Amino acid sequence: MTTRRDLFKFAGGSAMGLLLTPAPWRLITDTALWSENWPGIPRPARGEIRAKFTHCGLCAAGCAVRARCVGEQPVSLAGVEGGLCPFGVTGHHLPYHPERLRHGNRPEAAAAVARAIANSAPDRRVAVLDLQPGRTASWTCRRALAALKNGVYLAPEEPACAVNLAPAGTVLSLGAPLLDGWGSPDRVFRARSGFRLIQAEAVESRTAALADQWLAVQPGSESVLGRAVAGTVGLRQAAEATGLAEAQIAEVARSLRENGPALIVAPEMTSEVLAWNLALGAWGKTVLPRREAPLPREWSKAAPVTPLAAVEVGSLGALLIDESVPGAPLPWAAIQPKLAADAVVVAFSWSRAGYARHATHVLPAAVYPEALGDLPPALVAPSVGSAAEFRLTVPLVAAPDGMTDPAEFLSAVAGLDAKDALRQRAAAIHAAARGSLRTYADGKTSAVKDLKFDDFWKALNAGGSWMGEVENSGKSPHLAPAAPIPDAGDPWPLRLSTTQPGAPALVSPLMTKLWQESGLRLGPHRAALNPRAGFEEGARAVLETPYGRCEIQAALDGSVPPGVVLVAYTPEIADIRGADGCARLVRI
Amino acid sequence: MNKRYGMSIDIDKCTGCGACMVACAVENNVPALPGANDRRGITWMRVYRVDNGEEYPDRRSAFVPMLCQQCGVETPCAHVCPQQAVDVDPATGIVGQMPERCLGCRYCMAACPYHARYFNWWDPQWPAGMEKTLNPDVAPRMRGVVEKCNFCHGRYHRAKERAAAAGEKDIRPGEYIPACVEACPAGAIRFGDLNDPSSEVAAARHEAGSFRLLEKLGTDPKIYYHSTRDWVRQIAFAPKPGGKENLHG
């Protein structure tokens, strides 16, 4: 007779036996397979794979880009002539960034600007601040401002020259991030094996770590070394300012003169840096005139470039800030005093992170790679020498509705018809019948004089690149007088240094892998300090400068010298950082 | 003849820009999750900054890209996997990871001497709309499974398909390169068949200054590093922490 005990035994035995069969393990595998495809996990889109070409619009270097697309949708970006920087590799994510601006009230902003223009007193000015001058859109703004009463065109100082690294024998970099986004990686790294790199910088940056020689100078004294090498400052004075030995400075100067062609580069290639290069005989070899693509003749009536310092205090009745392309911003603390009390400030932005924080009206602008535009003349010239270039940032995806093009907005306000400005510029280049066009899809180079305009325009819109004729000689530009040597005895105990200046305000969410999921780069609101600076890892502090303050978290780093605070570049830091880099930290 | 794909990384050229890290994530549909950190995040390729342990200004740094070293002998992760979710492909030498088989026990993570394996703590998520940018050749992985570098297996299959369509038996050198190799702006990473004596990577392993990480374990890693600096080559032996010779990563 079957007892209750027998039933329990049977059930227990069955359960034990089942474990010895493949059934439960199969069930686990099938569950894993099923859950792998559950609806919560996105499925990549499928379709025809094709390649599109464009130029990266995330900085002025404008690297050529090959986009792998599924149908019309780019799924990865790669360099055509070499690798891209991490910002460029992830550029196709920007249209989907959660913090991207999508809405703005254009009619309200246009009415406010029109009112400011109509009601302005004779001493009131309407200004445009262009973060990336030298583009066709910049010329449109300048033409529109020339048509307006009291129009002023403001822009950061453009490089005084172009540089060619290919023939260089020795390069002295005065704190320039030469190997870390200073110019097109393709042009820099192709020439890298040919020159000896001496990096003078207080912090052991990425460039300093890879340089043939790193000179750890006193923070902020890099320019004194440049003057000493050019012979405008004595060795003793330079040694006192930089903390280097006199013999060391003399050796650098000797190396530049004997192992030429020499080149001195700095974060900003000002006319003073150009003067040092002229003293070394670099003109026409490693330092070249910066050439611009031809312009249509009718564009000659354009507002001149005005430095911000030349604008009178309280004189700006309306300020339009073109943040639709990344560029080196001017500190807000320097802009604000120039505004009238009732000034209208319109920011054309990708996100609320930049000047949009200070604007009275914010209009969303198309992000890279949605907007059609061109690039300013490159700082690092092609290896063949100085030549004008014309490269378009060809849209890879369509911009959503409601985006505003700053140049088109301003030309509408000024009554200027500038819809076809890019095409007109291309026509002027084609009419000059000089130079050649390179198409990346087939790797061919064709002389412009052999092309019909429609084919030329079509090729440019397919990611082609025009290069003018090489001409290395030219009149050297006007040299400005040298700035005074920084005073070491100021009350601010620290020097503020930033990583990756000019980085776009909006970056792909994947970029967090570089600072959140690893410690490769400094994240936003983190400050690297020497371990002997008196702060603990993770300590919170307020970073103060003469222009403002912001909160940071300390990250101890032995490559940062005492007396320096190294922070990641963010719009908040751009707001408070002065040219002298004075700062102090107050523990919270 | 079977291939034996490997890599040569010139540490003296690596600027630590991170392009390889993000290019890897783009290629392999690795998400960036808001709560992730250096322990819970997924970075198939991770670049470490190491230094010579000296104080400023004598301190010198170098950048070391770290990825699965594709161990060819006694592969530790394959040995410990109870599900046979890890295997070494005899045709390519690539150590593959099959998420469909993975139970998430993480024995392989404990066994890996290079800490080059990552666990999916969360289901993959992308900001709204960004899922359109996913690579169609790679399936996103679910939470609860381990993943790691597989030399961009999607690219390997694409190259094989292209070769087959062209009527060729083998993939031609240069037709198949992982995303990190393509992305590196400094040209610090080279890739190829170690069994092909004419390949750059096969020649690079015999260059002076070439070394492999933890070679003493005898697992035949297929990633060769190169540096002319003695203190950088010391990382191959993973010195114990505490001394001046410590290499901080």
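Since the model is a prediction, treat every value here as computed from it, not as a measurement. Numbers restart at 1 for each chain; the letters A, B, ... are given by sequence-line order, proteins then strands.
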Enquirer: Any chance CD of Glu99(A) has more than 12 other-residue heavy atoms, nucleotides or ligands included, within less than 6.0 Å?
Expert: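 Check fails, neighbour count at 12 or below.
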Enquirer: Can you tell me how far the CG atom of Asp137(B) sits from the CZ atom of Arg68(A), to the nearest 0.5 Å?
Expert: 4.5 Å
Enquirer: Between Ser76(A) and Asn135(B), is there a side-chain heavy-atom distance shorter than 4.5 Å?
Expert: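 No, side chains not in contact.
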Enquirer: Under 3.5 Å, is there a donor on one side chain and an acceptor on the other for Thr43(B) and Glu517(A)?
Expert: no
Enquirer: Can you tell which of Ala208(A), Ser559(A), Ala78(A), Ala216(A) has the highest number of heavy-atom pairs within less than 4.5 Å of chain B?
Expert: Ser559(A)
Enquirer: Is a side-chain donor or acceptor of Lys513(A) paired with a backbone partner of Ile42(B) at a separation under 3.5 angstrom?
Expert: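 Checked: pair present.
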Enquirer: Using side-chain heavy atoms (C-beta onward) and a distance below 4.5 Å, is Val22(B) in contact with Ser508(A)?
Expert: no
Enquirer: What distance separates Asp557(A) CG from Asp51(B) CG, expressed to the nearest 0.5 Å?
Expert: 8.5 Å
Enquirer: Quick check on Gln83(B) against chain A: is it the side chain, the backbone, both or neither that has a heavy atom closer than 4.5 Å?
Expert: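 Side chain only.
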Enquirer: Please give me the minimum heavy-atom distance between Cys17(B) and Arg521(A), naming the atom from each residue.
Expert: O-NH2, 2.9 Å
Enquirer: Quick one: of Gly18(B), Pro124(B), Ser61(B), who has the most non-hydrogen atom pairs under 4.5 Å with chain A?
Expert: Ser61(B)
Enquirer: With only heavy atoms counted, which part of Ile49(A) is less than 4.5 Å from chain B, the side chain, the backbone, both or neither?
Expert: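 Side chain of Ile49(A) only, per the 4.5 Å heavy-atom cut-off to chain B.
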Enquirer: So which part of Val397(A) gets closer than 4.5 Å to some heavy atom of chain B, the side chain, the backbone, both or neither?
Expert: neither
Enquirer: Pick one of side chain, backbone, both or neither for Cys20(B), based on which atoms fall under 4.5 Å of a heavy atom in chain A.
Expert: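 When you check distances to chain A, no heavy atom of Cys20(B) falls under 4.5 Å.
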Enquirer: Kindly check if the number of other-residue, nucleotide or ligand heavy atoms within 6.0 Å of CD (Gln125(B)) is above 12?
Expert: no
Enquirer: Can you tell me if CZ on Arg172(B) sees more than 12 non-hydrogen neighbours from other groups inside 6.0 Å?
Expert: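 For Arg172(B), atom CZ is not crowded (no more than 12 foreign heavy atoms under 6.0 Å).
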Enquirer: So for Arg60(B), is it side chain, backbone, both, or neither that comes closer than 4.5 Å to the heavy atoms of chain A?
Expert: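 Interface part for Arg60(B): both.
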Enquirer: Within the supplied structure, the quantity of interest is the number of heavy atoms (other residues, nucleotides, ligands) at a distance under 6.0 Å from Glu200(B) CD; does it exceed 12?
Expert: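 Incorrect, the count does not exceed 12.
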Enquirer: Which residues in residues 85-98 of chain A have a heavy atom less than 4.5 Å from any heavy atom of chain B?
Expert: Cys85(A), Pro86(A), Val89(A), Thr90(A), His92(A), His93(A), Tyr96(A), Pro98(A)
Enquirer: Do you know which two heavy atoms are closest between Tyr56(B) and Val217(A), and how far apart they sit?
Expert: OH-O, 4.4 Å
Enquirer: What is the distance from atom CZ of Arg59(B) to atom CH2 of Trp214(A), rounded to the nearest 0.5 Å?
Expert: 9.0 Å
Enquirer: As an exercise: rank Lys132(B), Glu55(B), Glu182(B) by heavy-atom pairs under 4.5 Å with chain A and give me the winner.
Expert: Lys132(B)
Enquirer: So, taking the atom named OG1 in Thr133(B) and the one named CG in Leu510(A), what distance separates them when rounded to the nearest 0.5 Å?
Expert: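 If I round to the nearest 0.5 Å, the distance is 8.0 Å.
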Enquirer: Arg43(A) side chain to Pro140(B) main-chain N or O, any donor-acceptor pair under 3.5 Å?
Expert: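 The answer is no, because no donor-acceptor pair under 3.5 Å joins these two groups.
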Enquirer: Sort out for me which of Lys13(B), Arg158(B), Arg39(B) touches chain A most, counting heavy-atom pairs under 4.5 Å.
Expert: Arg158(B)
Enquirer: To check you understand the geometry: which heavy-atom pair defines the closest contact between Ala36(B) and Gln516(A), and what is its length?
Expert: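 Closest heavy-atom pair between Ala36(B) and Gln516(A): O-NE2, 2.9 Å.
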Enquirer: Heavy-atom pairs under 4.5 Å with chain A are the metric here; pick the option from Pro57(B), Ala186(B), Pro127(B) that has the most.
Expert: Ala186(B)
Enquirer: Between Glu204(A), Arg192(A), Arg190(A), which has the largest tally of heavy atom pairs under 4.5 Å with chain B?
Expert: Glu204(A)
Enquirer: For Pro561(A), is it the side chain, the backbone, both or neither that has a heavy atom under 4.5 Å from a heavy atom of chain B?
Expert: both
Enquirer: Please name the pair of heavy atoms, one in Pro136(B) and one in Val75(A), separated by the smallest distance, quoted to 0.1 Å.
Expert: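 Closest approach of Pro136(B) to Val75(A), heavy atoms only: CD-CG2, 4.3 Å.
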Enquirer: In this structure, are over 12 heavy atoms from other groups packed under 6.0 Å from Asp58(B) atom CG?
Expert: yes
Enquirer: Of all the heavy-atom pairs spanning Leu103(B) and Ile28(A), show the shortest one and how long it is.
Expert: CD2-CG2, 3.1 Å
Enquirer: Considering only heavy atoms, which portion of Arg100(A) lies under 4.5 Å from any heavy atom of chain B: side chain, backbone, both, or neither?
Expert: neither
Enquirer: Quick check for you: among Gly144(B), Ala25(B), Ala23(B), Ala32(B), which has the greatest number of heavy-atom pairs under 4.5 Å with chain A?
Expert: Ala32(B)
Enquirer: Are there more than 12 heavy atoms of other residues, nucleotides or ligands under 6.0 Å from atom CZ of Phe211(B)?
Expert: yes
Enquirer: Most heavy-atom pairs under 4.5 angstrom with chain B, which of Leu514(A), Asp186(A), Asn530(A), Leu520(A)?
Expert: Leu520(A)
Enquirer: Among Val30(B), Val138(B), Asn29(B), single out the residue with the greatest number of heavy-atom pairs under 4.5 Å to chain A.
Expert: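 The answer is Val30(B).
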